[in-house]
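Just so you know, these numbers come straight off a predicted model, no measurement behind them. Counting starts at 1 for both ligands and their atoms, following the listed order.
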Amino acid sequence: QFPFGRRLPCDIYWHGVSFHDNDIFSGQVNKFPGMTEMVRKITLSRAVRTMQDLFPLEYNFYPRSWILPEEFSLFVDEVRMMKDGDPGWKPTFIVKPDGGCQGDGIYLIKDPSDIRLTGSIQSRPAVVQEYICKPLLVDKLKFDIRLYVLLKSLEPLEIYIAKDGLSRFCTEPYQEPTLKNLHQVFMHLTNYSLNIHSGNFIHSDSVSTGSKRTFSSILCKLSSRGADVKKLWSDIISLVIKTIIALTPELKVYYQSDIPAGKPGPTCFQILGFDILLMKNLKPMLLEVNANPSMRIEHEQELSPGVFGNVPSPVDEEVKVAVIRDTLRLVDPQKKKRKDDHFERQHIESYKNKINVRYNYFLCYRCQASEHISEAGEELLDTGRADRPRYDSAESPEADLPSLCLKQVFPKYAKQFSYLRLVDRVAALFIRFLGVKGTTKLGPTGFRTFIRNCKLSNSSFSMASVDILYIDITRRWNSMGIEHKESGMCLQAFVEAFFCLAQKKYKSLPLHEQVTLLIEFCEYHLAALDEKRLVCGRG
Ligand code: ADP
């Protein structure tokens with residue numbers, strides 16, 4: 001703590017809202033550059049859509065979404081087409097302003113023509129999304145889940161999920177949307193900040209009753225109804241990993257711009273709040289990701305008529321204290337040192353006693369083997385088992401702490417998801433050609449160099465066509481009103497151009513195969529070029 005201003009560097013910086021401090025040269029910051037921008041409704045929808053284009057089945061956990069105002073006619077056309085194809089389809093849509101939170105400005109519609117295309121939608125872009133009409137109900141009420149996820153590192157990717165989360169309940173019994181009930185926010189929106197104002201909101205001291213409960217209490221209930229909660233957890237874990245995989249390419253562009261490689265800078269970690277809705281069939285659907293989830297453990301209550309005060313909230317305390325405590329344990333800068341010391345001591349001990357060395361080896365081997373077998377059996381599912389750091393010992397400050405509530409899911413299950421990380425590799429190409437440090441956009445020369453170095457132009461694809469491709473795509477992306485701070489091609493525009501090139505070069509294959517082939521082609525030529533430069537350098 002630095003009560004009189006900061007003179008010396010800290011080992012952990014805890015920023016309130018977002019990464020903003022460019023004067024940090026060491027230690028760890030609790031926010032990633034660009035995360036707030038990445039999880040805005042429009043940016044998240046775009047990032048997930050790119051992945052849906054590549055892997056439609058793997059990314060079907062996010063409702064079909066359109067970006068307003070620019071995709072309004074696409075929205076109208078697609079809905080008309082789907083209705084023509086299936087006249088029985090009676091959809092509902094939810095319109096959510098970009099950058100909004102706490103249900104602010106959200107409304108439901110039955111028909112695209114009901115969108116309020118007034119001045120506000122022009123000045124305040126939004127996402128319109130298919131409304132999930134059949135959510136899972138508990139006590140006849142709709143609820144959603146807030147899960148806490150720790151992104152501990154971007155490169156290499158390290159993700160932890162908290163074993164418990166919150167379930168936030170609506171305060172009016174749920175009915176499928178009709179023109180009559182579309183406006184009833186207490187029936188359709190699960191936001192705590194809205195429902196707290198309903199007369200039906202129930203504050204409870206128990207974590208398994210009331211309008212805010214622990215997720216584990218819901219799982220208990222579901223389990224007693226015979227639901228396969230292990231499968232549910234496994235689906236949630238893969239939803240979280242896939243969502244983060246969709247976000248990482250752009251996060252890496254922001255990261256290298258704010259914290260250039262090779263210069264002194266901090267590392268980052270971040271606690272994210274994932275909002276998930278369970279469908280009736282227990283399929284989890286992603287609603288949104290919060291970069292700055294509330295960590296309050298009190299709530300406001302009317303103590304006597306007209307008198308409000310803050311009172312402790314046991315359910316928030318139960319879930320959130322563990323998340324913060326264990327985040328600090330996982331990023332603890334002293335931890336690595338203690339771990340190293342511990343192993344060094346252990347090594348010396350065993351060296352002193354040769355007989356024990358053999359015995360220790362046997363014990364160690366047996367323990368590793370059994371862990372491997374049990375892990376394989378548990379697959380993605382077991383969040384019940386507590387992870388406790390292995391080197392806990394009497395002298396470790398962690399010895400008296402409860403087991404970790406944060407469970408590592410990546411790289412633990414990396415193998416099952418690595419095939420999805422295609423856009424990450426496209427982003428690596430993009431970053432390589434960015435040139436000037438600190439930028440996030442590629443200039444026309446950088447794009448030409450990319451084409452030339454990767455040997456992508458030929459007689460049927462001249463450099464003039466390369467320039468046209470660059471100008472066309474860049475202009476369109478820059479006219480979408482995303483941000484005009486820098487001119488040039490943003491990563492999403494580069495990804496679009498890359499997909500175009502892949503489709504042109506490898507016709508009639510599924511998109512993800514075309515993109516994989518083109519990535520391999522580029523990486524091969526760049527590796528050859530690097531080798532040539534190395535040899536020339538030596539020469
Ligand atoms: P905000 O950031 O304003 O809270 P959300 O995207 O979380 O916006 O939406 C607010 C609430 O609306 C959610 O908590 C959920 O109850 C409901 N909701 C959002 N999207 C959908 C959807 N596609 N289907 C059903 N309910 C939804």
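- With hydrogens and angles disregarded, no donor-acceptor distance shorter than 3.5 Å links the side chain of Ser198 to the backbone of Leu194.
- Side chain of Asp164 to main chain of Ser216: a donor-acceptor pair is present (N/O by atom type, distance under 3.5 Å, no hydrogens or angles).
- Residues forming a salt bridge (Lys or Arg N to Asp or Glu O under 4.0 Å) with Lys41 (at least two apart in sequence, or on another chain): Glu288.
- Open room surrounds CZ on Arg475; 12 or fewer heavy atoms of other groups in view lie less than 6.0 Å from it.
- Phe430 and Phe498 have their aromatic ring centers separated by at least 6.0 angstrom.
- With Asn200 contributing its side chain and Thr171 its backbone, the two residues share a donor-acceptor pair below 3.5 Å.
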When you pair each N or O of ligand 1 with protein N or O atoms, which pairs come out under 3.5 Å?
unit_1   : atom_1 : unit_2 : atom_2 : d
ligand 1 : 2 (O)  : Lys41  : NZ     : 2.9
ligand 1 : 2 (O)  : Glu288 : OE1    : 3.3
ligand 1 : 2 (O)  : Glu288 : OE2    : 2.5
ligand 1 : 3 (O)  : Gln102 : N      : 3.3
ligand 1 : 3 (O)  : Gly103 : N      : 2.7
ligand 1 : 4 (O)  : Gly103 : N      : 3.4
ligand 1 : 4 (O)  : Asn191 : ND2    : 2.7
ligand 1 : 6 (O)  : Lys96  : NZ     : 2.7
ligand 1 : 7 (O)  : Glu288 : OE2    : 3.3
ligand 1 : 14 (O) : Asp144 : OD2    : 3.3
ligand 1 : 14 (O) : Thr190 : OG1    : 2.7
ligand 1 : 16 (O) : Thr190 : N      : 2.9
ligand 1 : 16 (O) : Thr190 : OG1    : 2.6
ligand 1 : 20 (N) : Lys96  : NZ     : 3.0
ligand 1 : 23 (N) : Gln129 : OE1    : 3.0
ligand 1 : 23 (N) : Glu130 : O      : 3.0
ligand 1 : 24 (N) : Ile132 : N      : 2.8
ligand 1 : 26 (N) : Lys142 : NZ     : 3.0

